[in-house]
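Have a look at the structure below before the remarks.
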Amino acid sequence: MNIYFQKSFQRGFGTFPLKGNDLRHAIAAAIGAGYRAFDTAQMYGNEADTGAALAVCSVAREELCITTKVHPDNYSEEKFLPSVEASLKSLQIDRLDALLLHWPPADGDVAPSLRLLQSARDRGLTDTIGVSNYTARMMHVARAVVEGPLVTNQVEFHPLVNQQNLLAAASETGIPLSSYASIARGEVFKHRLFAEIGKTYGKSAAQVVLRWTLQKGVPLNTMSTKPENIRGNFDIMDFTLSSIDMDRIDALNATGYRIVKPGQLPWVPQWD
């Protein structure tokens, strides 16, 4: 089974942009709420703080899913594997559960970095590998280049952006999506529909948004520093949105709201 579809790991805790005590306190609250999947990245500059927090948590290592992502600046034969080894040292573990390429390279040629990613798995530095912020075309290239499974393409995914092309590519390639910016950094709360639907189920607007994503077949990453929100974001498995409510939410895809736009970073591609 794909690691992100295991019941314990469908709801992951994202660590960006937290550092220091804010991160340690948030991870402690997340562990207490039931989170067992944690997502970080070389680019976040918080792998050491994440590792320190998880090292002293009350949960055994084998019960955790730890994901990190390789910075595009390390997509060379000289830097790639040493950067992963440095991540392992910072995280205080000897093997990752999942290692992702954080962005496609700026020139759009994804094949070389994909081969380096596969070499990290072949050397036993990670159990599984995947990508992040890939377009549908890049997903098809990845499927052709990499031997064995790719466990995810982690992308911006929420009801205010239409990701049907990526969902179709996920079905065609066997590379599932997973989400970041799962509540669009609060933008969803400008739409009263989520709170209206939530009243029917006794759930909050955020919980409706997150449940919609899971019912789309997309595992989640959420982040908060508030214990009540951390618990609420996790508590979404005891209700199911009706097909009518799913359709009502789907209609908001037409909003076209994106957090990550081309030009914001050198590696952001032209989205499908």
Can you name the side chain to side chain donor-acceptor pair (under 3.5 Å) partners of [X], sequence neighbours left out?
X: Gln6; result: none
X: His25; result: none
X: Tyr4; result: Thr67
X: Thr15; result: Asn46

Taking distance alone, no hydrogens or angles, what donor-acceptor pairs closer than 3.5 Å link side-chain atoms of residues 191-202 to residues at least two apart or in another chain?
from: Tyr201; atom 1: OH; to: Ser242; atom 2: N; distance (Å): 3.0
from: Tyr201; atom 1: OH; to: Asp245; atom 2: OD2; distance (Å): 2.6

More than 12 heavy atoms of other residues, nucleotides or ligands under 6.0 Å from [atom1] of [X]: yes or no?
X: Glu77; atom1: CD; value: no
X: Lys261; atom1: NZ; value: yes
X: Arg123; atom1: CZ; value: no
X: Arg185; atom1: CZ; value: no

Inset, instruction - Go through the steps for Asp49 and Arg24 under the test salt bridge (Lys or Arg N to Asp or Glu O under 4.0 Å), then give the verdict. - result: CA-CA 7 Å; Asp49 288 337; Arg24 287 190 285 272; 3.3 Å; yes
Legend entry - Contact check, side chains of Leu160 and Val188, non-hydrogen atoms, under 4.5 Å: yes
Legend entry - side-chain contact (heavy atoms from CB on, under 4.5 Å) between Val145 and Val110, intermediate numbers included: CA-CA 9 Å; Val145 168; Val110 298; 6.0 Å; no
Inset, instruction - Working to the nearest 0.5 Å, report the span between CZ of Phe9 and CD of Glu63. - result: 8.5 Å
Inset, instruction - Using a strict 4.0 Å threshold on nitrogen-to-oxygen distance, state whether Arg137 and Asp272 make a salt bridge. - result: no
Inset, instruction - Could you walk me through whether Asn2 and Thr128 pass the side-chain contact (heavy atoms from CB on, under 4.5 Å) test, one step at a time? - result: CA-CA 9 Å; Asn2 185 306; Thr128 66; over 6 Å; no
Inset, instruction - Show your reasoning for whether side chain to side chain donor-acceptor pair (under 3.5 Å) applies to Ser182 and Ser179. - result: CA-CA 6 Å; Ser182 303; Ser179 80; 2.6 Å; yes
Write down the atom of [X], the atom of [Y], and the distance for their closest heavy-atom approach.
X: Gly217; Y: Pro219; value: O-CD, 3.6 Å
X: Ala142; Y: Tyr134; value: CB-CE2, 4.1 Å
X: Asp73; Y: Lys79; value: O-CD, 3.5 Å
X: Pro104; Y: Ser132; value: CD-O, 3.9 Å
X: Ser224; Y: Asn233; value: CB-ND2, 4.5 Å
X: Leu150; Y: Arg143; value: N-NH1, 3.8 Å

Legend entry - Pairs touching residues 214-236 that satisfy salt bridge (charged side-chain N to carboxylate O under 4.0 Å, His left out), sequence neighbours left out: Lys203-Asp235, Lys216-Asp250
Legend entry - Partner of Asn253 under side-chain contact (heavy atoms from CB on, under 4.5 Å), chosen from Gln164, Gln163, His158: Gln164
Legend entry - Passing candidate, side chain to side chain donor-acceptor pair (under 3.5 Å) with Tyr180, options Asn133, Thr222, Asn221: Asn133
Inset, instruction - Among His71, Glu78, Gln42, find the residue that satisfies the side chain to side chain donor-acceptor pair (under 3.5 Å) test when tested with Ser83. - result: Gln42
Inset, instruction - Check the pair Arg121, Asp127 against salt bridge (Lys or Arg N to Asp or Glu O under 4.0 Å), reporting the backbone distance first and the verdict last. - result: CA-CA 6 Å; Arg121 184 185 62 194; Asp127 287 335; over 6 Å; no
Legend entry - Phe157-Trp212 aromatic ring centre distance below 6.0 Å: yes
